[in-house]
Trainee: 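Okay, handing you the structure first.
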Amino acid sequence: MLNENYARGLLETCGAVPGLDGLRGKRVLVTGATGLIGSCLVDALLLMNGARDMGVEIHAAGRSESRMRERFGAAMDDPRFHFVPYDAAKPLSIDFGADCVIHAATSAHPLAYATDPVGIMQANVVGAMHLLEAVKAWGHGRFLLLSSGEIYGENPVFEAGFSETDIGVVDTMKPRACYPEGKRAAETLCAAYAAQYGVDAVVARLCHTYGPTFTADNSRADAQFLRNALAGRDIVMKSAGSQVRSWCYVADAVAALLTLLLRGEAGQAYNVANRRAVASIREYAQTLADIAGVKLTFELPSETEKAGYTRVTRAVLNPAKLEALGWQPRYGLREGLEESYEGCKSELRD
């Protein structure tokens, strides 16, 4: 059973997506369906099927059926919900043509970057290629790649935020580059398949996305902050927290993805970011600490933790291109953090 406030907010946010009826009766495949963003997207589709009788056939792809059932429970018994065994290193195991393929499968957190950089690149590059090959073979369907603002690298000069044609510096000889370089390569695959084979591919460059759907293995700082807050412990920062980021609450991010499915231009990339949620990591942590009534403290990170950290000091994205399609976020930073904290707190009480 979904938390009532989370479900209501998600349904209202996604229900405002322009042209939403374009998804009616569509067959939608979501990889990474138990991840932070993928699971919220599946939640949104389930909710819209119930509230608006959208008739969307949801094919949720992941490694573990038991983990899928743990996340979605009785929803897996819905005749319009289908579990798809999925390994990014292997070709897709389904023999039908989906109308929409959303590639959300990746391990986007620092511990994975530090301990499995090869696996990170494999999921991003090989995984994208297998899915693009499938869409090419079907001869129809839209492919939406969940990329990242990390592809811009470091360039603090862009005070107004990176637009889709800007680029910064990524040190390719650092294993930590596995994530941004993997996403860059996957984006280029989308552009190449669109140009050479006419595949209908669109790219979403997401900023730092957060919410109550974060997973147990997520080692990102914001996930650790939320875990501490929920436990009533002080939030521990392992840096000065001076890096400035664009943030986006997960329901707003999912509404942006649905907008791109329906209105994005093939062969194009779009930033997904909230102009009202630009803050340093320290400001983010302090806001959450204030909401939870705990303190913000500091300590030194371990060597393994440091190996997974990005060195980018300013990662602010300009969302004007996405906004021109009709998308607007509903949640400011504090509102999104309140939803995250209260949603998780309610789950713990239940």
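What you are looking at is a predicted structure, and each value in this text was computed from that prediction instead of being measured.
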Trainee: Salt bridge check: are D77 and R69 linked by an N-O gap of less than 4.0 Å?
Mentor: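 Yes, D77 and R69 are salt-bridged.
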Trainee: side-chain contact (heavy atoms from CB on, under 4.5 Å) for E57 and V28? Distances and angles first, verdict last.
Mentor: CA-CA 6 Å; E57 292 285 335; V28 179; over 6 Å; no
Trainee: So with a 6.0 Å cut-off around CZ of R63, is the heavy-atom count from everything else above 12?
Mentor: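 Counting neighbours around CZ of R63, 12 or fewer heavy atoms of other residues, nucleotides or ligands fall under 6.0 Å, so no.
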Trainee: Distance alone, cut at 3.5 Å: any donor-acceptor contact between the side chains of Y193 and E133?
Mentor: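 Yes, because at least one side-chain N or O of Y193 sits under 3.5 Å from a partner of the opposite role on E133.
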Trainee: Would you call the rings of Y284 and Y210 parallel, tilted or perpendicular, where under 30° means parallel and over 60° means perpendicular?
Mentor: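 Ring orientation, 0 to 90° scale: perpendicular.
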Trainee: Can you name the nearest heavy-atom pair linking A251 to C14, along with the distance?
Mentor: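 Shortest heavy-atom separation between A251 and C14 comes out as O-SG, 4.4 Å.
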Trainee: Tell me whether L189 shares a hydrophobic cluster with L145, the cluster being built from Ile, Leu, Val, Met, Phe, Trp, Tyr side chains joined at under 4.5 Å.
Mentor: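 Yes, one cluster joins them.
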Trainee: Nearest heavy-atom pair of S246 and A273: which atoms, and what distance?
Mentor: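 In this case the closest contact between S246 and A273 is CB-CB, 3.9 Å.
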Trainee: So, the side chain of D234 versus the backbone of K295: is there a donor-acceptor pair under 3.5 Å, distance only?
Mentor: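 Side chain of D234 to backbone of K295: a pair is present.
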Trainee: Does the salt bridge (charged side-chain N to carboxylate O under 4.0 Å, His left out) test come out yes or no for D222 and R227, once each step is laid out?
Mentor: CA-CA 9 Å; D222 58 287; R227 286 191 192 98; over 6 Å; no
Trainee: Consider only side-chain heavy atoms of I, L, V, M, F, W and Y, link residues closer than 4.5 Å, and tell whether V30 and F214 are in one cluster.
Mentor: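 Looking at the clustering, F214 is in the same group as V30.
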Trainee: Are side-chain heavy atoms of S340 and E338 found at a separation under 4.5 Å?
Mentor: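 In short, these two side chains do not touch, never coming nearer than 4.5 Å.
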Trainee: Between H208 and C248, does the side-chain contact (heavy atoms from CB on, under 4.5 Å) criterion hold? Intermediate values first, please.
Mentor: CA-CA 6 Å; H208 284 65; C248 191; over 6 Å; no
Trainee: Looking at F96, is R27 sitting on its ring face, NZ or CZ under 6.0 Å from the six-membered ring centre and within 45 degrees of the normal?
Mentor: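 Yes, R27 sits over the ring of F96.
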Trainee: So for atom CZ, which belongs to R334, do other residues, nucleotides or ligands contribute more than 12 heavy atoms lying within a distance under 6.0 Å?
Mentor: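 Count over threshold, so yes.
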Trainee: Going by atom types alone, do K321 and Q268 pair a side-chain donor with an acceptor below 3.5 Å?
Mentor: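 Short answer, yes.
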Trainee: Mark yes when over 12 heavy atoms from residues, nucleotides or ligands other than E12 sit less than 6.0 Å from its CD; otherwise mark no.
Mentor: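 Count over threshold, so yes.
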Trainee: Please name the pair of heavy atoms, one in A204 and one in L257, separated by the smallest distance, quoted to 0.1 Å.
Mentor: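 Nearest pair, atom of A204 first, then L257: CB-CD2, 3.6 Å.
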Trainee: For residues K26 and L261, determine if any side-chain heavy atom of one lies less than 4.5 Å from a side-chain heavy atom of the other.
Mentor: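 No - every pair of side-chain heavy atoms lies 4.5 Å or more apart.
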Trainee: Report yes if the side chains of F143 and I102 come closer than 4.5 Å at any heavy-atom pair, otherwise no.
Mentor: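 No, side chains not in contact.
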Trainee: Strictly under 6.0 Å, is that where the ring centroids of F81 and H59 end up?
Mentor: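 Here the rings of H59 and F81 have centres that are no less than 6.0 Å from each other.
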Trainee: Just how far is it from atom NE2 of H82 to atom CG of L29, taken to the nearest 0.5 Å?
Mentor: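 So the NE2 of H82 and the CG of L29 are separated by 11.0 Å.
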Trainee: Can you tell me how far CG of D200 sits from CG of L132, rounded to the nearest 0.5 angstrom?
Mentor: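 Rounded to the nearest 0.5 Å, the CG-CG separation comes out at 11.0 Å.
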Trainee: For the residue pair S147 / E187, report whether a side-chain donor-acceptor contact shorter than 3.5 Å exists.
Mentor: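 Indeed, the side chains of E187 and S147 share at least one donor-acceptor pair under 3.5 Å.
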Trainee: Quick one: closest heavy-atom pair of A134 and L92, and the distance?
Mentor: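 Where A134 meets L92 most closely, the heavy atoms are CB-CD2, 4.1 Å.
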Trainee: If every non-hydrogen atom of Y341 is compared with every non-hydrogen atom of A292, which pair is closest and at what distance?
Mentor: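 Minimum heavy-atom contact is CE1-CB, 3.6 Å.
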Trainee: I'd like to know if V126 and V135 are part of one continuous hydrophobic network [Ile/Leu/Val/Met/Phe/Trp/Tyr, side-chain heavy atoms within less than 4.5 Å].
Mentor: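 No, it is not one cluster - the side chains of V135 and V126 are not joined through contacts under 4.5 Å.
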Trainee: Using distance alone, with no hydrogens and no angle criterion, decide if N274 and Y249 have a side-chain donor and acceptor under 3.5 Å apart.
Mentor: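 Note: N274 and Y249 side chains miss the donor-acceptor criterion.
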Trainee: Without hydrogens or angle criteria, can the side chains of D290 and T287 be said to hold a donor-acceptor pair below 3.5 Å?
Mentor: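 The answer is no; no qualifying pair exists.
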Trainee: Show your working on side-chain contact (heavy atoms from CB on, under 4.5 Å) between L144 and L260 and close with a plain yes or no.
Mentor: CA-CA 8 Å; L144 176 60; L260 293 180; 4.3 Å; yes
Trainee: Drop me the distance from M129's CE to Q122's CD, to the nearest 0.5 angstrom.
Mentor: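 Nearest 0.5 Å value for the CE-CD distance: 12.5 Å.
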Trainee: Would you say the side chains of S280 and Q243 form a donor-acceptor pair under 3.5 Å?
Mentor: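 Checked: S280/Q243 side chains show no N/O donor-acceptor pair below 3.5 Å.
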Trainee: Could you check L46 against F72 for side-chain contact (heavy atoms from CB on, under 4.5 Å), going step by step and ending with a plain yes or no?
Mentor: CA-CA 10 Å; L46 287 167; F72 295 108; 4.3 Å; yes
Trainee: Quick one, T297 and M237 - any side-chain contact, counting heavy atoms below 4.5 Å?
Mentor: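 Result no, sub-4.5 Å side-chain heavy-atom pair not found.
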Trainee: Ion pair present between R8 and E4, side-chain N to carboxylate O less than 4.0 angstrom?
Mentor: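 A salt bridge links R8 with E4.
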Trainee: Does some side-chain heavy atom of L131 sit less than 4.5 Å from a side-chain heavy atom of T31?
Mentor: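 A side-chain contact exists here, since the closest heavy-atom pair is under 4.5 Å.
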Trainee: Look at the side-chain heavy atoms of Ile, Leu, Val, Met, Phe, Trp and Tyr, link any pair under 4.5 Å apart, and say whether F83 and V56 land in one connected group.
Mentor: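 Yes, F83 connects to V56 through the hydrophobic network.
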Trainee: Do Q286 and I235 touch side chain to side chain, with heavy atoms closer than 4.5 Å?
Mentor: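 Not in contact.
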Trainee: Would you please say whether a donor-acceptor pair under 3.5 Å links the side chains of S163 and N318?
Mentor: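 Note: S163 and N318 side chains miss the donor-acceptor criterion.
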Trainee: We want to know whether Y152 and N271 form a side-chain donor-acceptor pair, criterion being a heavy-atom distance below 3.5 angstrom.
Mentor: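 Note: Y152 and N271 side chains meet the donor-acceptor criterion.
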Trainee: If you round to the nearest 0.5 Å, how far is CG of D252 from CD of Q328?
Mentor: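 Answer rounded to 0.5 Å: 9.5 Å.
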Trainee: To the closest 0.5 Å, what do you measure between CD1 (I151) and CZ (R184)?
Mentor: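 If I round to the nearest 0.5 Å, the distance is 6.0 Å.
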Trainee: Check for a donor-acceptor pair, side chain of N124 on one end and backbone N or O of I120 on the other, with a separation under 3.5 Å.
Mentor: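 Confirmed, N124 side chain pairs with I120 backbone.
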Trainee: With the side chain counted from C-beta on, respond yes when T106 and K183 share a heavy-atom pair under 4.5 Å apart, and no when they do not.
Mentor: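 A side-chain contact under 4.5 Å exists here.
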Trainee: Checking the side chain of R275 only, and the main-chain atoms of L317 only, is there a donor and an acceptor separated by less than 3.5 Å?
Mentor: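 Checked: no pair found.
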Trainee: Quick one: which of L296, L333, V294, L226 gives a side-chain contact (heavy atoms from CB on, under 4.5 Å) with L288?
Mentor: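 Result: among L296, L333, V294, L226, L226 is the only option passing the side-chain contact (heavy atoms from CB on, under 4.5 Å) with L288.
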Trainee: If the threshold is 4.0 Å, N to carboxylate O, is there a salt bridge linking E335 and R330?
Mentor: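 No salt bridge links E335 with R330.
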Trainee: With clusters defined by side-chain heavy atoms of hydrophobic residues (ILVMFWY) lying less than 4.5 Å apart, directly or transitively, does V169 cluster with F162?
Mentor: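 No, no single cluster joins them.
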Trainee: Taking G32's backbone N and O only, do any of them form a donor-acceptor pair with T34's side chain (distance below 3.5 Å, no angle check)?
Mentor: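 Not at all, since once roles are kept as given, no pair shorter than 3.5 Å links the two residues.
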Trainee: Going by an N to O cut-off under 4.0 Å, is there a salt bridge joining E299 and K238?
Mentor: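 The answer is yes: the pair qualifies as a salt bridge.
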Trainee: Determine whether V278 and V244 make a side-chain contact, defined as any pair of heavy atoms from C-beta on separated by less than 4.5 Å.
Mentor: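 Counting from C-beta outward, V278 and V244 do come under 4.5 Å.
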Trainee: So how far is it from R205 CZ to E150 CD, rounded to the nearest 0.5 Å?
Mentor: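 One gets 13.0 Å once the value is rounded to the nearest 0.5 Å.
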